[in-house]
*Asks:* 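Have a look at this one.
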Amino acid sequence: MSPPSIILNLLVFLLIVSATSSDAKNLNSVISQFLAPQNAARSALRMRPLVWDAKLARYAQWYANQRRWDCALKHSNGDYGENIFWGSGNKWSPVQAAAAWVGEKKWYNYWSNSCGGGEECGHYTQIVWRQTRRVGCARVNCFGGRGVFMTCNYDPPGNYIGEKPY
């Protein structure tokens, strides 16, 4: 494991541990939980960090509210790049969703620009898409105990077929 990977894994672990406490009271904590793992992944590639964008966050919240009824893993098909997450129960934190997306790095092969072993890695490549600068995210508990739905929206969007993320 390379030093940047060790640092990234340690950061994600520390964020997960800290996020499980009931201290996630204010918006800055939620923003940090979404941003920290994603910006750690970008930092490992020497890329500029993503910046929180209120307009994207409003869009993400609007869409998350649509999914509150069914918690379905459906994309909004809007003008932005988008990562979505669902977890059963109601204890999932933003840092856990972001860490899951970043964790797809292990499946991404830069040289072939593809995901290995039939696994998903498009969430990771959206996070590290070089041209992407801004992100906004949201989390909702779905009605009827259907779980937690989270989404992040990215601008400019990424994951263009045939293009490498960086």
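Please read all numbers here as calculations on a predicted model, not as lab measurements.
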*Asks:* Within this structure, what is the CD-CE distance for the pair Gln33 and Met150, rounded to the nearest 0.5 Å?
*Replies:*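 Here the rounded value is 9.0 Å.
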*Asks:* With a sphere of 6.0 Å drawn around CZ of Arg48, does it hold more than 12 non-hydrogen atoms of other residues, nucleotides or ligands?
*Replies:*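 No, because the 6.0 Å sphere around CZ of Arg48 holds 12 heavy atoms or fewer from other groups.
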*Asks:* Is there a chain of hydrophobic side chains (I, L, V, M, F, W, Y, each step under 4.5 Å between heavy atoms) that links Tyr124 to Phe34?
*Replies:*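 Yes, because Tyr124 and Phe34 connect within a single hydrophobic cluster, where side-chain heavy atoms sit under 4.5 Å apart.
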*Asks:* Does a side chain donor of either Asn159 or Thr125 reach within less than 3.5 Å of an acceptor in the other side chain?
*Replies:*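 There is such a pair (donor and acceptor under 3.5 Å, judged by atom type) between the side chains of Asn159 and Thr125.
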*Asks:* Side-chain heavy atoms under 4.5 angstrom apart, residues restricted to Ile, Leu, Val, Met, Phe, Trp, Tyr: same cluster for Ile31 and Phe149?
*Replies:*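 Cluster IDs for Ile31 and Phe149 differ.
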*Asks:* Can you find a heavy atom in the side chain of Tyr166 that is under 4.5 Å from one in the side chain of Tyr110?
*Replies:*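 The answer is yes, as the side chains (C-beta and beyond) meet within the 4.5 Å cut-off.
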*Asks:* Rounded to the nearest 0.5 Å, how far does CZ of Arg139 lie from CD of Gln96?
*Replies:*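 Answer for the CD-CZ pair, Gln96 versus Arg139, is 9.0 Å.
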*Asks:* Set out, in order, the CA-CA distance, both residues' side-chain angles and the distance that settles side-chain contact (heavy atoms from CB on, under 4.5 Å) for Asp53 and Asp155, then state yes or no.
*Replies:* CA-CA 9 Å; Asp53 184 280; Asp155 191 47; over 6 Å; no
*Asks:* Using every non-hydrogen atom in the two residues, find where Val95 and Pro37 come nearest and quote the distance to one decimal.
*Replies:*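 Heavy-atom minimum between the residues: CG2-CG, 3.6 Å.
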*Asks:* Looking only at heavy atoms, which two atoms of Pro157 and Asp79 are closest? And how far apart?
*Replies:*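 Between these two residues, the closest heavy atoms are CG-O, 3.8 Å.
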*Asks:* Tell me yes or no: between the side chains of Gln38 and Tyr154, is some donor less than 3.5 Å from an acceptor?
*Replies:*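 Side chains of Gln38 and Tyr154: pair found under 3.5 Å.
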*Asks:* Do side-chain atoms of Asn39 reach the backbone of Leu50 as a donor and acceptor pair under 3.5 angstrom?
*Replies:*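 Flag set: sc Asn39 to bb Leu50 pair under 3.5 Å.
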*Asks:* For Cys142 and Val148, work out which heavy atoms get closest and say how close.
*Replies:*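 Heavy atoms of Cys142 and Val148 come nearest at SG-C, 4.4 Å.
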*Asks:* Return the SG to CD distance between Cys137 and Glu82, rounded to the nearest 0.5 Å.
*Replies:*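 With rounding to 0.5 Å, SG (Cys137) is 10.5 Å from CD (Glu82).
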*Asks:* Does Arg42 have any side-chain hydrogen bond (donor to acceptor under 3.5 Å, both in side chains) partners at least two apart in sequence or in another chain, and if so, which?
*Replies:*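 By the side-chain hydrogen bond (donor to acceptor under 3.5 Å, both in side chains) rule, Arg42 matches no residue at all.
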*Asks:* Go through the steps for Phe85 and Leu73 under the test side-chain contact (heavy atoms from CB on, under 4.5 Å), then give the verdict.
*Replies:* CA-CA 7 Å; Phe85 173 92; Leu73 279 173; 5.7 Å; no
*Asks:* Tell me whether Gln126 contacts the main-chain N or O of Gly158 through its side chain, where contact means a donor paired with an acceptor under 3.5 Å.
*Replies:*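 Checking the backbone N and O of Gly158 against the side chain of Gln126, a donor-acceptor pair under 3.5 Å is found.
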*Asks:* With under 30° as parallel and over 60° as perpendicular, where do the rings of Tyr59 and Tyr80 fit, or are they tilted in between?
*Replies:*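 Geometry flag for Tyr80 against Tyr59: perpendicular rings.
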*Asks:* Decide yes or no for His75 and Ile84: does some side-chain heavy atom of the first lie under 4.5 Å from some side-chain heavy atom of the second?
*Replies:*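 Side chain of His75 against side chain of Ile84, heavy atoms only: contact under 4.5 Å found.
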*Asks:* Return the minimal non-hydrogen interatomic distance between Thr151 and Ala60, and the atom names on each side.
*Replies:*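 Looking at all heavy atoms of both residues, the closest pair is CG2-O, 3.5 Å.
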*Asks:* When clusters are formed from ILVMFWY side-chain contacts under 4.5 Å, directly or step by step, what else is grouped with Phe143?
*Replies:*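 Trp69, which link up through side-chain heavy atoms under 4.5 Å apart, make up the rest of the cluster.
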*Asks:* Count the heavy atoms of every other residue, nucleotide or ligand shown that sit under 6.0 Å from NZ of Lys55, and state whether that count exceeds 12.
*Replies:*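 Incorrect, the count does not exceed 12.
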*Asks:* Give a yes or no answer on whether the side chain of Gln66 reaches the backbone of Trp62 with a donor-acceptor pair at less than 3.5 Å.
*Replies:*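 Pair found, side chain donor or acceptor close to backbone of Trp62.
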*Asks:* Do Val102 and Trp129 land in one hydrophobic cluster if side-chain heavy atoms of ILVMFWY residues count as linked below 4.5 Å?
*Replies:*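 No, separate clusters.
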*Asks:* Is Trp107 reachable from Trp111 through a run of I, L, V, M, F, W or Y residues, each pair having side-chain heavy atoms under 4.5 Å apart?
*Replies:*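 No: no chain of side-chain contacts under 4.5 Å links Trp111 to Trp107.
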*Asks:* Taking Arg67 for its side chain and Val140 for its backbone only, find out whether a donor-acceptor pair lies under 3.5 Å.
*Replies:*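 No, Arg67 side chain to Val140 backbone: no donor-acceptor pair under 3.5 Å.
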*Asks:* Treat each ILVMFWY residue as a node, draw an edge where side-chain heavy atoms are under 4.5 Å apart, and state whether Tyr160 and Val135 are in one component.
*Replies:*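 Per the 4.5 Å side-chain linkage, Tyr160 and Val135 are not co-clustered.
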*Asks:* Quick check against the 3.5 Å criterion: does Thr132 have a side-chain atom that pairs as donor or acceptor with the backbone of Pro156?
*Replies:*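 Checked: pair present.
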*Asks:* Locate the shortest heavy-atom distance separating Cys71 from Trp86; write the atom from each residue and the value.
*Replies:*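 Taking every non-hydrogen atom into account, SG-CD1, 3.1 Å.
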*Asks:* Any chance you could measure Arg146, atom CZ, to Asn90, atom CG, to the nearest 0.5 Å?
*Replies:*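 That separation rounds to 14.5 Å.
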*Asks:* Take Glu119 and Glu104, measure what side-chain contact (heavy atoms from CB on, under 4.5 Å) needs, and give me the verdict at the end.
*Replies:* CA-CA 8 Å; Glu119 297 291 334; Glu104 292 177 1; over 6 Å; no
*Asks:* If I take atom NZ from residue Lys105 and atom SG from residue Cys121, how far apart are they, to the nearest 0.5 angstrom?
*Replies:*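 Interatomic distance, Lys105 NZ to Cys121 SG, rounded to 0.5 Å: 12.0 Å.
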*Asks:* Nearest heavy-atom pair of Lys74 and Tyr63: which atoms, and what distance?
*Replies:*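 So the minimum-distance heavy-atom pair works out to O-OH, 2.5 Å.
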*Asks:* Would a 4.5 Å heavy-atom cut-off, applied to side chains only, mark Asn113 and Pro165 as touching?
*Replies:*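 Side chain of Asn113 against side chain of Pro165, heavy atoms only: contact under 4.5 Å found.
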*Asks:* Between Trp101 and His123, what is the ring plane arrangement, given parallel below 30°, perpendicular above 60°, and tilted in between?
*Replies:*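 Parallel: the ring planes of Trp101 and His123 meet at under 30°.
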